[in-house]
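All ligand and atom numbering here is 1-based and tracks the order in the structure.
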Amino acid sequence: MTRVMFRNAMIWDGTGADAFPADLLVDNGRIVTIARTPGQLSGEGATTVECRGMTLMPGLVEGHAHISFGGAIKDSDLGLIPPEEHLLLTMRNAKTLLDHGFTSAYSAATSKLRLDIVIRNEINAGRLPGPRMRAGSPEITVTGGLGDERQQHMYHESFGMIADGIEEITKAVRLCCREGADNIKINISGDDLSPAAHGGLTVMSEAEVMTAVSVARDFGKKINCHARAAGSVKRAVKCGVDVIYHCESADEEALDALESAKDRIFVGPAIGIIYGTLYEGEPFGFTHEMAVKFGMQRILDDSRKVYTELRKRGVRALIGGDYGFAQTPQGTNARDLKHFVDLLGYSPSEALQCGTRLGGQVMGLGDELGMVKEGFIADLLLVNGDPLKDLDMMVHEKNLIVIMKDGELYKDQSASVASQRQAA
Ligand SMILES: [Zn+2]
């Protein structure tokens, strides 16, 4: 295990406190010492990283990861990818996420049952680069729900695993647990681009949701859901779902329900895809006009209202904007930080906490991941500048001078930055 000394850093620790100057020692995968008086800490036997002018912060956590998604325009595109190519695509995406500062990924869902699982296993075994992962299940959905692309006369694959009624839902969840998923995904509401069930419809019954949650609990798994309609948000809270994505149509009653469960649940607006479809979808066939017609402007406006309210009420939100579609390429995931500020009204510090400290919590590791604290897992980024002044810098690989995962230096360009400074 590597021993690494970060010298003269400005540390933004993820708590929301201002950054402070310090030296920091990593040993055996953990942050061992943070010395607020620089120059006092002995770095004997340690690799030294000179951090002057740079910010040391927790690694980012993607809170709505779809690492098996890549470049899809329509949901059904994912179903067309053969398993062999799909595995390679997922492998490349895992590396892309780590290259862009995401040291952890909480999967919202996978598009074929074992893709997340095998990649997680390979990463954990040290055979592939990628973030620490909680692997997702496919999106368990009812006939006619989001992810059911079949036609009466013809079968079509998608990212959905279709199950109806208590027995089929039970079996689907158990199957995902048997294969090794960490997070189970259910689609309670429809979606605006879905042919049969639009986003305002709540199509998975309460008995089905209750069953999915209870079986996931039996196996010790977390459970996520797709919930746009107010009714689906209320159903998710009532039945005990852990992570409730979207929520933009939450009414007063749904907001109260979310608030009442705020110590247990997380929400995620997944705003990147909405922004991408509205403003950057043209090369992929989504004109702005079409996107508005499909409801994207309404979702954006509603999200702004709902997440302003949720933020005030202290409900924990995660970054992660459905990156992995054509208009939201993998590797641009950190754009969600700025979207939280520009579109949803978060402060830069709050947005960064959604992408670090709260991410550690949703990973189930809140007391050892997501902050720069003594004893915590050493997942760290050294950023060339002050991300609180310019969140955009987090999106560009060149600004991530050091990427450390589990105390190991995955990327270290600090020496070349130091020599450039000397030359200048
Ligand atoms: Zn998603």
Whether K373 and D367 form a salt bridge (side-chain N of Lys/Arg under 4.0 Å from carboxylate O of Asp/Glu) is what I want to check.
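K373 and D367: not salt-bridged.
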Is a salt bridge present between D342 and K338, judged by a nitrogen-to-oxygen distance below 4.0 Å?
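Yes, D342 and K338 are salt-bridged.
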Restricting to N/O/S, name the atom of [X] that gets closest to the Zn ion (ligand 1).
{"X": "H66", "value": "NE2"}
{"X": "H64", "value": "NE2"}
{"X": "D322", "value": "OD1"}

Between H339 and Y275, what is the ring plane arrangement, given parallel below 30°, perpendicular above 60°, and tilted in between?
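H339 and Y275: tilted rings.
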Which residue in the set R132, R30, K405 passes salt bridge (charged side-chain N to carboxylate O under 4.0 Å, His left out) when paired with D379?
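Answer to the salt bridge (charged side-chain N to carboxylate O under 4.0 Å, His left out) test with D379 among R132, R30, K405: R132.
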